[in-house]
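We count residues from 1, following the sequence as given.
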Amino acid sequence: MDMRPAPDPVPPLDPATVLSSIGEAVYDWAVPSDDLTWTSGVTRLLHRVDPCALASGACYDRGISPRSGAGRAAHILGSRQIDDGMGVAYALRYALRTADDTLLWLEDTGRWFAGADGRPAAAHGVVRRINAPSEREATQRDLDPLTGQLTLHAFVTRADRLITGAGAGRYSHSVAAAIALHDLARINREHGFETGTFVIGAMARRLAAALRRADAVARIGGDRFMMLLSPCDPAALATLAARFTRAVSATPVATPDGPVEIAVRVVVQPIDASLRDGGHLVRRLDELLDSRAPDRRASPSSRPPAEPSGGASPIGDDDILAALNDDRLVLVYQPIAEAAGETVALHEGLARIRLGNGRLLGAAAVVPTAERLGLLPLLDQRVLELGLAALHSRAGARLALNVSAPSLVDPAWLGRIEAAAGAQPGLVDRLTIEITETAAIVDLAVAARTVAHLKALGITVAIDDFGAGHTSFRILRDLSADVVKIDGAFVQNLARSPDDRFFVRTLIDLARHRAMKVVAEWVRDGETARMLRGWGVDYLQGEYIGMPATDLPDDAERPRRLNSC
């Protein structure tokens, strides 16, 4: 018999202690609240990191060096992948800045999971310490795989050296420039994403050919490039910008889909003591690009926007901002009636700009200029504010508002609606958001998530101008909207066009198959209304029902939602 004393029982291992001992820590990130929680070993693993950065996803991302790539929050919130129920995997490498201003390299792996609206709601992952990248890895990270030009990381690193040298009196008159392709979304829509990618590659080649040997060009992301240029006479900056404009857009890009005309925005920024570092330079160039209208002067084959119908002249470049600043952007309200009894169900809020003589300028004269100047998000924001204010003041009214492509994929626009829903419960239940096919196709996956989120808030979603695009059937299938509005171009001639009658009935059948309500636009006479009613159209809009008015009625009977049964 073994008389030796039994060994003391081995205490169970604490998972957090084990993870800490091998240089790892587990975290949970609640995206809506931005709360970031960790296993206890994080204090040992990241002991030199500001504790505030460990409390929220946004603060954590701010501690990541911009030279090392996108952070966790930026990567997940900007992801275009769709959670199929199993989560979406991610794997990142980045450098976290410590309290003593050194870099702590980490590998961050995990999965994010979507909420009911399809957007990221939670992330679970693990970080572990790694060595700084080798010289070979760093070189690979310095080159953009599409264009072969420098990456954001390489640009920031080189810009840091130039800015430091400028502060020390070296590299005087060095210059940075940025260039962006105007309307890449249109090119993707009309020619396909492969052609859009080809155009971006052609831009890079044309820029490289226009640079001197000591200059450098970097692809910052998407269709944006930035350049570090040899010393240049400050008086020649405008000439420099014109040279890059000519180099890139003077002739169409020959693509496999045929020649594509392009317009660009170019800005120039002297490298001087006003810049703190390379990251500051990138932000300043980005801001300048966003405020710059596309330069078409160097492209002789480009044509100005066509005159809108009705003889109205396009609005001037400065007039839209002036109208926004002077509160001269207003809504007029056109009724939409039930087809059966022709009683008003709701109104569509249409944006107008009031001129000095009191005349109202319509969307056909405003939107092309606003799109060219990048002002559509500002217009959408103001339209939303006016629409919500009208609903607040008219307790029985229901209202439909349009949204443009840039706002549809902009989290800030959706955030404003979420804020309104939280501040005034029940108000957005009386709101319909109309999305045109052309807006949805810019990024169909993001549009689908936005639609799901709007519906979760209680908002009705309509597809406007249905039938006008070549992707109508895919839009109908993928967006899961509540309502389709048949493009008025197919409705206005129904009585005289057998082709239009066949097409409209086909569109109605498709919508019925998807259990969606149908609105017919541009209904101008009783004969057309009777025809549409007989085919099962639910709602009518147009001159026959009523013209736009400057006041939104308070409907006493509180008309039904468009998607109600």
Distance-only polar pair, side chains of Asn402 and Glu348, donor-acceptor under 3.5 Å: yes

Going by side-chain hydrogen bond (donor to acceptor under 3.5 Å, both in side chains), name the residues that satisfy it together with Asp380, two or more places apart in sequence or in a different chain. Ser404, Ser407

Cationic N near anionic O, under 4.0 Å, Glu385 to Arg382: yes

Mark yes or no: Arg205 above the aromatic ring of Phe198, with NZ or CZ under 6.0 Å from the six-membered ring centre and no more than 45 degrees from the axis. yes

Main-chain N/O of Thr245 paired to Ser249 side chain as donor or acceptor, under 3.5 Å: yes

Under 3.5 Å, is there a donor-acceptor pair between the side chain of Asp61 and the main chain of Arg72? yes

Within-4.5 Å side-chain heavy-atom neighbours: Lys485 and Ile336: yes

Would Phe155 and Ile220 count as a side chain to side chain contact (heavy atoms under 4.5 Å, CB included) here? Give the steps. CA-CA 8 Å; Phe155 182 86; Ile220 301 303; 4.3 Å; yes

Does Arg354 have any side chain to side chain contact (heavy atoms under 4.5 Å, CB included) partners at least two apart in sequence or in another chain, and if so, which? Arg328, Val330, Leu360

Side-chain heavy atoms of Met203 within contact of Phe225, under 4.5 Å: yes

Heavy-atom distance under 4.5 Å between the side chains of Leu414 and Leu454, does that happen here? yes

Please confirm whether the backbone N or O of Thr460 pairs with a side-chain atom of Asp482, one donor and one acceptor, at under 3.5 Å? no

Between Asp286 and Arg224, is there a salt bridge with N-O shorter than 4.0 Å? yes

Flag side-chain contact, heavy atom, 4.5 Å: Thr255 against His191: no

Report yes if some heavy atom in the side chain of Arg352 is under 4.5 Å from a heavy atom in the side chain of Leu331; otherwise report no. no

Side chains of Val248 and Ile179 in contact at under 4.5 Å (non-hydrogen atoms): yes

Check: Asp538 side chain, Lys517 main-chain N or O, donor-acceptor pair, under 3.5 Å: no

Just do the side chain to side chain contact (heavy atoms under 4.5 Å, CB included) check on Val253 and Arg206 with the steps written out, would you? CA-CA 10 Å; Val253 176; Arg206 291 181 175 189; 3.9 Å; yes

So, do Val88 and Phe113 sit near enough that their side-chain heavy atoms are less than 4.5 Å apart? no

Spell out, as yes or no, whether a donor-acceptor pair under 3.5 Å connects the side chain of Arg512 to the backbone of Gly536. yes

Does Asp83 come within less than 4.0 Å of Arg119, counting only side-chain N to carboxylate O? no

Any donor-acceptor pair under 3.5 Å linking the side chain of Thr528 with the backbone of Arg524? no

When you measure from the side chain of Lys455 to the backbone N and O of Ser480, does any donor-acceptor pair fall under 3.5 Å? yes

